[in-house]
Amino acid sequence: MSCPVTSLMIETGSPEQTEAVGTSLGRLLEAGDLVTLSGELGGGKTCFVRGVVASLAPAGKELVASPTFAILNEYPGQPPVLHYDCYRLRGSDDALELGIEEQLCGDTVCLIEWPERIAAVLPDDRLEVLFEYAGDTRRCITFLSHGCRGAKLLAQLAAIADSCKKPLSEEQRSAM
């Protein structure tokens, strides 16, 4: 059965709102999910990842940084989060040598920056997230689903889109 590619665009007005959108998506993610992240440097990807990690691996939230100098950052949680930055890879062969392909369908959530560098090894079922500047601190975040699981995640995110930009209160953060 084929699922259509669908899309959703959310505009955020601050890094905190971008992080809150990541937190909302993180609550929906399960082991085996793959999320690709594309956009210019400074586009909001790291803030977004910090939100995802806050949901799935709260102890690692403060450790989230752009992995530009490390190909992989791992955050222990239930499920664990693998955050790849493929900028320094020369292509899919490099990814295969690192064993990325085996981890894409495993018992982790995989977040991959610069996915176009390893497009040949990416599974068809994933959620693609594109970050674009919309002003000083504003970002347009576009979600594109690929495959049935990606479509399900997108539908769940669309159902909460109006509320997912609200940064968490201190009380909500400490409850995580």
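A 4.5 Å side-chain heavy-atom check between Thr6 and Phe143 finds every atom pair outside the cut-off. Between Asp85 and Asn73 the shortest side-chain heavy-atom distance does not fall below 4.5 Å. In this structure the side chain of Pro115 reaches within 4.5 angstrom of the side chain of Ser38, judged on heavy atoms. The closest side-chain heavy-atom distance from Arg149 to Asp33 is below 4.5 Å. In this structure the side chain of Val109 never reaches within 4.5 angstrom of the side chain of Leu82, judged on heavy atoms. Taking 4.5 Å as the limit, some side-chain heavy atom of His83 sits within range of a side-chain heavy atom of Tyr75. Thr142 has its side chain out of reach of Val129: every pair of non-hydrogen atoms, C-beta onward, lies at least 4.5 Å apart. Under the 4.5 Å side-chain criterion, counting only non-hydrogen atoms from C-beta, Ile112 is in contact with Leu122.
Across all their heavy atoms, Pro123 and Leu34 have their closest contact at CD-CD2, 3.5 Å. Taking both residues in full, the closest heavy atoms of Thr18 and Cys47 are given as CG2-CB, 4.0 Å, listed atom of the first, atom of the second, then distance. Nearest heavy-atom pair across Pro80 and Asp107 is CD-O, 3.6 Å. The nearest pair of heavy atoms linking Thr108 to Pro79 is CA-CB, 4.4 Å. Scanning all heavy atoms of the two residues, the minimum distance from Leu157 to Ser24 falls at CD1-CB, 4.4 Å. Taking each heavy atom of Gly26 and Leu56 in turn, the nearest pair found is O-CD2, 3.4 Å.
Taken from CG in Leu153 to SG in Cys148, the straight-line distance is 11.5 Å, to the nearest 0.5 Å. Once rounded to the nearest 0.5 Å, the distance linking CG of Leu130 with CG of Leu144 reads 5.0 Å. How far CG of Asp94 is from SG of Cys86: 9.5 Å, rounded to the nearest 0.5 Å.
Tracing side-chain contacts under 4.5 Å through hydrophobic residues (I, L, V, M, F, W, Y), one never reaches Tyr133 starting from Met9; they form parts of separate clusters.
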Inset, instruction - Take Leu29 and Val52 through the side chain to side chain contact (heavy atoms under 4.5 Å, CB included) test and state the conclusion after the steps. - result: CA-CA 9 Å; Leu29 295 173; Val52 171; 3.9 Å; yes

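With hydrogens and angles left out, the side-chain atoms of Ser55 and Thr23 include no donor and acceptor closer than 3.5 Å. In this model, no donor atom of one side chain and acceptor atom of the other lie less than 3.5 Å apart for Ser14 and Thr137.
Sorted pairs that involve residues 117-132 and meet salt bridge (charged side-chain N to carboxylate O under 4.0 Å, His left out), not counting sequence neighbours, are lacking altogether.
For Phe131, the ring-ring contact (aromatic ring centres under 6.0 Å, His included) partners at least two apart in sequence or on another chain are Phe48.
Checking side-chain atoms of Glu19 against main-chain N and O of Pro15 turns up no donor-acceptor pair under 3.5 Å.
At most 12 non-hydrogen atoms from other residues, nucleotides or ligands lie less than 6.0 angstrom from CD of Glu40.
With salt bridges taken as basic N to acidic carboxylate O contacts below 4.0 Å, none links Arg139 and Glu11.
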